There are 2 protein chains.
Amino acid sequence: MAKRMTIRDIAALAGVSKTTVSRVLNNRPDVDAETRERVMKVVEEHGFVPSVAASTLAGRSRLIGALIPELTWPLIPEIMHGVAEVIAQTDYELVLYSVNDRNHQKDRSEILERILERKLVAGLLAIYPGQSTEYLEKLQRQGFPVVILDDQATPSERIPWVSADQRNGAYEATRYLVRLGHRRIAHIRGPLEYQVSHDRFRGYCDALAEAQIMVEPQLIETGDFTLSSGQLCAERLLTLDQRPTAIFAANDLMAQGVYFAAQSLGLRVPEEVTVVGFDDVLFASLMQPPLTTVRQPLDEMGRSAIELLLRMIETPSLPYEWKWSVSERNLSRSVFITHKTHVVVRASCKQLCTPLSLSK
Amino acid sequence: MAKRMTIRDIAALAGVSKTTVSRVLNNRPDVDAETRERVMKVVEEHGFVPSVAASTLAGRSRLIGALIPELTWPLIPEIMHGVAEVIAQTDYELVLYSVNDRNHQKDRSEILERILERKLVAGLLAIYPGQSTEYLEKLQRQGFPVVILDDQATPSERIPWVSADQRNGAYEATRYLVRLGHRRIAHIRGPLEYQVSHDRFRGYCDALAEAQIMVEPQLIETGDFTLSSGQLCAERLLTLDQRPTAIFAANDLMAQGVYFAAQSLGLRVPEEVTVVGFDDVLFASLMQPPLTTVRQPLDEMGRSAIELLLRMIETPSLPYEWKWSVSERNLSRSVFITHKTHVVVRASCKQLCTPLSLSK
DNA sequence: TTGTAAGCGTTATCAG
DNA sequence: CTGATAACGCTTACAA
């Protein structure tokens with residue numbers, strides 16, 4: 001295996017200086033078109049790739065940091081899948097910073113310190129950063145590129161933010177149930193300290209309002225996104241005098257809890273209870289019956305977040321002016337990308353009657 | 001935020017040269033104990049961490065590469081969880097190289113080229129490397145530290161290898177079924193091009209032999225690890241004249257397929273069919289009923305693999321002589337670590353009778 | 001045991 | 001538009 005080529009070798013081969021090669025490699029505008037071409041030719045012939053370590057040390061890192069919660073959290077792998085896919089097509093490499101559950105604020109900020117202090121990565125993608133948002137803002141203010149991917153939808157005014165439309169997803173899901181003829185539709189919310197829980201609840205209420213169905217307090221339960229909480233809430237709902245014909249759980253895990261509750265009460269899904277979840281995690285399609293749920297386009301979200309970050313890194317001057325295909329608001333000079341969510345219809349829902357509106 | 005400290009600052013503060021600080025930081029033996037202590041004190045006081053970029057450029061990278069298949073493959077997150085946990089406690093950072101399904105041999109070796117050519121990482125943890133093994137051997141021969149974590153159990157003679165005891169897991173699972181009183185126990189194998197499929201099948205046969213039960217060819221099906229294949233195989237098995245009372249599927253996904261087959265045939269799990277899976281992926285405990293399965297200690301496997309790799313990197317001279325707590329064979333100067341697997345009992349199995357042997 | 005000095009491969013600065 | 005030259009922060013012969 002030949003010794004690794006350096007920028008110097010390329011320079012010699014192309015008959016220019018290292019500097020010029022560097023300029024070409026970094027897409028600098030101030031290079032003669034012809035020179036650029038000549039250099040590129042040599043670069044490609046030899047499959048030359050600049051050393052990440054050297055670039056980083058010299059101040060132009062080609063390393064991207066990803067700050068993620070436990071990889072075992074169901075949504076993460078899909079997001080990272082999208083992220084990795086984009087990175088693989090670039091000169092950048094991905095450095096993983098995993099924060100585990102137990103880590104409290106202190107450890108989180110320690111990790112962030114570590115990230116910055118080492119000046120290793122060129123930018124940071126923070127996925128579901130939880131409490132760290134405040135700290136991330138500090139970084140951003142110091143000129144360090146940060147993109148947040150989260151569902152908390154309380155965007156910092158300054159950090160570019162990628163999210164999905166939680167409210168609308170819940171709205172569409174509930175609307176779907178209404179169209180199937182359901183009128184007693186229960187909702188198991190997520191914990192109220194999360195913004196998503198409110199957004200999804202809101203979507204549910206909106207859909208009911210539109211259908212002129214009253215929101216009945218007894219049909220609203222509050223879980224904590226765990227299976228057992230879903231089960232508990234569902235047990236209460238399903239033993240109501242007038243039990244709901246459909247239950248919309250705020251996430252798939254609680255929906256699975258509904259399945260368990262139904263089973264223990266001898267009720268079948270979907271024949272006697274219709275169930276809808278949220279997230280479309282990997283096992284949703286494996287459930288018995290396969291779960292109708294609201295899909296967040298997680299891989300796309302990961303992709304767009306990392307693409308945004310890459311652009312921020314490569315054009316530090318005009319960071320807040322991109323057009324974006326998905327849906328973009330330009331608030332106080334920052335970027336917010338909201339991805340669409342949509343209902344994935346599977347077998348967990350039963351049609352109660354055939355209202356004409358369905359045909360629409 | 002104060003300017004980042006460098007090794008030079010530490011040196012000044014401790015009243016020694018950069019060289020000495022470097023030596024201390026790298027645990028070199030040739031430093032006076034007292035000096036070392038003095039330096040360490042300063043280092044700790046200031047929470048100093050050496051620059052990964054600079055170290056790497058200077059020839060001692062603190063970056064570890066992880067080559068993984070799709071993150072969305074069910075076993076990966078748990079493994080990576082263990083990996084990340086260990087890395088977090090060290091000075092190293094983790095660089096992710098994700099290979100996606102579509103990538104054929106060519107792309108894989110391209111990634112590997114990329115990994116090496118950039119001289120970025122100090123070593124590589126290859127998780128389920130598939131076809132790349134051959135190439136990995138080449139790296140290893142060139143003195144580049146590589147550890148493989150795989151279930152294919154055809155260890156290269158030279159690359160340290162971390163795995164789990166597939167045969168014994170299957171053996172224990174089958175033995176468990178025998179103890180429950182089952183005698184017509186079917187097995188849905190994985191595809192025969194994988195070594196795991198054979199290992200697990202072997203465990204199944206061994207357990208039956210021990211119980212003096214004949215292996216009946218009709219009770220052996222071969223799937224491809226997908227849900228639908230499991231379902232198909234199970235449908236055949238469950239419509240046999242003398243249908244099995246228990247089905248041992250070679251992975252959890254096929255076990256879920258068995259659930260579907262049972263349901264479509266109006267058979268209940270576990271009342272009419274007992275089911276056991278393999279892997280204990282995250283959703284196994286969420287299945288209805290929760291699946292009895294064989295657990296591979298994935299996080300521990302990840303942990304031990306990365307620890308092994310770190311040791312190889314830090315002691316390049318004597319790479320093949322460690323003691324290991326789990327179970328270690330020293331074959332032809334390489335290290336093989338085999339983790340124990342064990343049966344996780346959940347609700348998917350029914351006891352047919354109460355043989356005395358159970359009390360044992 | 002410790003220090004001096006020469007890289008490691010880029011990028012940035014500043015002249016030409 | 002192009003090219004010297006000096007960083008970047010650390011490791012590692014080689015000397016002392």
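Bear in mind the structure is a predicted one, so any value in this text is a computation, not a measurement. Naming: A, B, ... by sequence-line order, numbering from 1 per chain.
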Engineer: Using whole Å, what does the distance between atom P of nucleotide C/dT10 and atom CD1 of A/Ile10 come to?
Structural biologist: 9 Å

Engineer: Take a 6.0 Å sphere around CZ of A/Arg141 and say whether it holds more than 12 heavy atoms from other residues, nucleotides or ligands.
Structural biologist: yes

Engineer: Roughly, in whole Å, what's the span from CG in A/Asp9 to C1' in C/dC8?
Structural biologist: 13 Å

Engineer: Under 4.0 Å, heavy atoms only, any strand: does B/Val21 hit a base, just the sugar-phosphate, or nothing?
Structural biologist: nothing

Engineer: With the side chain of B/Thr20 defined as its heavy atoms from C-beta on, choose the nearest nucleotide among D/dA4, C/dG3, D/dC10.
Structural biologist: C/dG3

Engineer: Under 4.0 Å, heavy atoms only, any strand: does B/Arg28 hit a base, just the sugar-phosphate, or nothing?
Structural biologist: sugar-phosphate

Engineer: Quick check: on DNA chain D, is the nucleotide nearest A/Asp32 upstream (toward 5') of the one nearest A/Lys18, or the reverse? Name the residue that is more 5'.
Structural biologist: A/Asp32

Engineer: Taking atom CG of A/Leu149 and atom CG of A/Leu67, what is their separation to the nearest 0.5 Å?
Structural biologist: 12.0 Å

Engineer: Look at B/Arg62 and D/dT11 and indicate whether a side-chain polar atom (N or O) is within less than 4.0 Å of OP1 or OP2.
Structural biologist: yes

Engineer: Taking N and O atoms by type only, does the side chain of B/Thr19 place a donor or acceptor under 3.5 Å from a partner on the base of D/dT12?
Structural biologist: yes

Engineer: Report yes if a side-chain nitrogen or oxygen of A/Ser17 is closer than 4.0 Å to either non-bridging phosphate oxygen (OP1 or OP2) of D/dG3; otherwise report no.
Structural biologist: yes

Engineer: Taking it one step at a time, do A/Val24 and A/Val43 satisfy side-chain contact (heavy atoms from CB on, under 4.5 Å)?
Structural biologist: CA-CA 10 Å; A/Val24 171; A/Val43 166; 5.8 Å; no

Engineer: Measure from CD on B/Glu37 to C1' on C/dT1 and round the result to the nearest Å.
Structural biologist: 16 Å

Engineer: What distance separates A/Ser98 OG from A/Leu71 CG, expressed to the nearest 0.5 Å?
Structural biologist: 5.5 Å

Engineer: Can you tell me which nucleotide in D/dC10, D/dC8, D/dT2 comes closest to the side chain of B/Thr6?
Structural biologist: D/dC10

Engineer: If you find the nucleotide of DNA chain C closest to B/Ala33 and the one closest to B/Ala58, which residue's nucleotide is nearer the 5' end?
Structural biologist: B/Ala33

Engineer: Could you please name the option among C/dT11, C/dT2, D/dC10 that lies closest to any side-chain atom of B/Asp30?
Structural biologist: C/dT2

Engineer: Between the base of C/dA12 and the side chain of A/Ser22, is there a donor and acceptor pair under 3.5 angstrom?
Structural biologist: no

Engineer: Does A/Ala54 or B/Arg38 map to a spot on DNA chain C nearer the 5' end, using the closest nucleotide for each?
Structural biologist: B/Arg38

Engineer: Out of D/dC10, D/dG3, C/dT10, which nucleotide sits closest to the side chain of A/Arg23?
Structural biologist: D/dG3

Engineer: So B/Thr56, base contact, sugar-phosphate only, or nothing? Heavy-atom distance under 4.0 Å.
Structural biologist: nothing

Engineer: State which of D/dC10, D/dC1, C/dG9 makes the closest approach to the side chain of B/Phe48.
Structural biologist: D/dC10

Engineer: Verify side-chain contact (heavy atoms from CB on, under 4.5 Å) between A/Val42 and A/Phe48, making sure each step is shown before the conclusion.
Structural biologist: CA-CA 8 Å; A/Val42 179; A/Phe48 172 77; over 6 Å; no

